[in-house]
Amino acid sequence: MAPLAKLVLACLMIFLSLTLTRNSEASSGGIATYWGQYTEEAEGSLAEICKTKNYSYINIAFLNQFGSGQPLGLNISGHCNVCDGNSLSSCVRFGKDIEICQSMGVKILLSLGGPYETYSLSSESDAEDVANQLWETYLKDNVYDGIDFHIENGAPLYYDYLARSLKKYGNDNNKTVYLSAAPRCLYPDLYLGRAIYTGLFDFVWVQFFNTSSACQYDSTTGDDVLMISWNAWTTLIEAPGKLFLGVPASSDVSGYIPPDAMNHKILPEINETSKYGGVMVWNSYYDLISDFSSSIIEYV
Ligand SMILES: *[C@@H]1O[C@H](CO)[C@@H](O)[C@H](O)[C@H]1NC(C)=O
Ligand SMILES: *[C@@H]1O[C@H](CO)[C@@H](O)[C@H](O)[C@H]1NC(C)=O
Ligand SMILES: *[C@@H]1O[C@H](CO)[C@@H](O)[C@H](O)[C@H]1NC(C)=O
Ligand SMILES: *[C@@H]1O[C@H](CO)[C@@H](O)[C@H](O)[C@H]1NC(C)=O
Ligand SMILES: *[C@@H]1O[C@H](CO)[C@@H](O)[C@H](O)[C@H]1NC(C)=O
């Protein structure tokens, strides 16, 4: 074959393989959710929700006690009635569920914070101590894939030190410690702005709900404000983070976007941004009731 023909053929094959991959994988993003704040009867076990295959990332909510010298306290009491809050050995089945999820390719992150008043970092060294506690209890032996920052109370300081310190434990031990953050949509976020500015976060699921009408979807005025806000986040966020649109799975929560608007208006637009990572659905309990994820998953 003539060199030019070979070149044309090669280009054609590359082009074809690219378009084929694109088509066979209609969706380019993943769905993240939060699990752990309801009873086992209400929201199902962790393994059950992983087996739906609707989710790529699950945040275990919440590790709601940490900082200022406190022992870590995990509150998934609706699931583990013998759980002492810290050791997974008293939550044996839960630990197994995490392994089942991971074997299916779902990343499991431990979510710090939530709507509680029982956490706060008091200094740089306090942040480093908390990183050490998290490393020793939850990360060193590969239990969790990473840590989610869902901070909405307490002092807004030192979360950047916590992020740096957690990444350093990972780097020093050849383990990837994923970091994610759930800031509210007004930019920059009071609690997480500084931490995100370190550029260390792998996933940022912005909460475009239950917050300000200045940045979330509005059922009467539509998506103008939401899109302006999304574009601000994509422009301003530090690499290497992937950005997720955080939306409620329940129409009772402000900022709710009906699946039809998600699929035909919003997702086809935001999926073109280079930092697009997918959608965060708040939360797995609402999702079970509304089946929101199932109705958007093909478009995510
Ligand atoms: C754990 O979470 C439940 C449900 O949100 C809450 O009622 C309870 O006060 C929390 N317990 C602690 C010790 O934080
Ligand atoms: C991490 O990996 C490097 C290079 O592969 C190796 O030299 C080092 O000993 C490893 N460190 C640990 C803590 O495993
Ligand atoms: C909305 O935010 C408030 C705190 O600002 C919190 O207490 C409440 O649980 C949130 N509601 C939902 C549905 O997320
Ligand atoms: C974005 O979504 C549209 C509509 O679902 C799809 O045609 C397009 O290929 C998607 N873009 C990317 C980059 O995945
Ligand atoms: C999502 O999960 C629900 C169960 O909660 C299931 O009925 C549905 O088939 C799942 N959707 C997909 C696309 O896997």
Side-chain angles (χ1 to χ4, degrees), residues 15-38 42-43 56 59-62 64 75-76 78 111-120 148-154 156 181-186 189-192 205-217 219 223 227 230-231 234 242-290 292-300:
F15 174 74
L16 278 179
S17 71
L18 284 178
T19 34
L20 286 180
T21 331
R22 186 48 72 78
N23 289 346
S24 62
E25 233 179 277
S27 60
S28 54
I31 298 182
T33 194
Y34 281 81
W35 172 94
Q37 291 285 286
Y38 297 81
E43 68 180 345
S56 307
N59 297 294
I60 306 300
F62 286 106
N64 67 337
N75 184 347
I76 51 161
S111 185
L112 309 189
Y116 301 93
E117 315 258 333
T118 37
Y119 58 85
S120 202
D148 176 55
F149 289 44
H150 193 113
I151 309 302
E152 46 196 29
N153 267 317
R184 295 217 169 113
C185 56
L186 277 185
D189 184 74
L190 168 66
Y191 294 101
L192 294 169
W205 11 83
V206 184
Q207 300 186 48
F208 290 95
F209 57 89
N210 192 25
T211 173
S212 168
S213 59
C215 56
Q216 69 189 23
Y217 184 86
S219 54
D223 64 3
M227 292 313 301
W230 169 267
N231 290 332
T234 58
K242 287 246 178 236
L243 203 64
F244 294 68
L245 183 81
V247 292
S250 164
S251 55
D252 294 342
V253 181
S254 73
Y256 176 76
I257 308 175
D260 193 50
M262 283 290 280
N263 295 343
H264 302 297
K265 193 134 199 291
I266 292 164
L267 291 173
E269 208 171 323
I270 67 169
N271 74 353
E272 302 290 337
T273 10
S274 65
K275 288 165 188 166
Y276 172 76
V279 173
M280 181 271 274
V281 168
W282 175 263
N283 49 45
S284 71
Y285 167 71
Y286 294 149
D287 205 18
L288 206 57
I289 294 170
S290 65
F292 185 80
S293 285
S294 303
S295 40
I296 63 164
I297 197 162
E298 284 174 47
Y299 297 86
V300 172

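Atoms within a ligand are numbered from 1 in the order they appear, just like the ligands themselves. Values below: all heavy atoms of this structure, side chains included; hydrogens, waters and symmetry mates excluded. Model, not experiment: these values are computed from the prediction.
- Distance remark: protein heavy atom present below 4.0 angstrom from atom 11 (N) of ligand 3.
- Residue contacts with ligand 3: N210 is placed with a nitrogen or oxygen under 3.5 Å of a nitrogen or oxygen of the ligand (distance criterion only).
- For atom 4 (C) of ligand 3, the nearest non-hydrogen atom of the protein is R184 NH2, 3.9 Å.
- Heavy-atom contacts of N271 reach the following atoms of ligand 4: 1 (C), 2 (O), 3 (C), 8 (C), 10 (C), 11 (N), 12 (C), 13 (C), 14 (O) (cutoff under 4.0 Å).
- Among protein heavy atoms, atom 13 (C) of ligand 3 sits closest to Y286 OH, 3.5 Å.
- Scanning the protein heavy atoms around atom 7 (O) of ligand 3, the nearest turns out to be P115 CB, 4.1 Å.
- Under the 3.5 Å distance criterion, the side-chain polar atoms of T273 are left unmatched by any main-chain donor or acceptor of K275.
- Contact annotation for Q37 and ligand 3: no heavy atom of the residue comes within less than 4.0 Å of the ligand.
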Quiz item: Passes ring pair (Phe, Tyr, Trp, His ring centres under 6.0 Å), W282 versus H150? Steps please.
Solution: CA-CA 12 Å; W282 175 263; H150 193 113; 5.6 Å; yes
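- Side-chain atoms of N59 and S111 include no donor-acceptor pair closer than 3.5 Å.
- Between D287 and S293, the side chains place a donor N or O and an acceptor N or O closer than 3.5 Å (distance only, hydrogens not considered).
- In this model, a donor atom of one side chain and an acceptor atom of the other lie less than 3.5 Å apart for S254 and Q216.
- By the 4.5 Å heavy-atom criterion applied to side chains, F208 and Y217 are not counted as neighbours.
- At a 3.5 angstrom cut-off on N or O pairs, Y299 does not count as close to ligand 4.
- Taking CD1 of I76 as the start and CG of N64 as the end, the distance is 11.0 Å to the nearest 0.5 Å.
- Here is the list of ligand 3 atoms found below 4.0 Å of a heavy atom in V253: 13 (C).
- Counting only distance, with no hydrogens or angles, the side chain of Y256 and the backbone of S219 share no donor-acceptor pair below 3.5 Å.
- Against a heavy-atom cut-off of under 4.0 Å, S28 is close to the following atoms of ligand 4: 14 (O).
- Residue contacts with ligand 3: F209 is excluded, as none of its non-hydrogen atoms falls under 4.0 Å.
- For the residue pair Y286 / D252, no side-chain donor-acceptor distance below 3.5 Å is found, with atom types taken as modelled.
- Counting only heavy atoms of the protein, atom 14 (O) of ligand 3 lies nearest to W282 NE1, 3.1 Å.
- Look at Q207 and you'll find every heavy atom at least 4.0 Å from all atoms of ligand 3.
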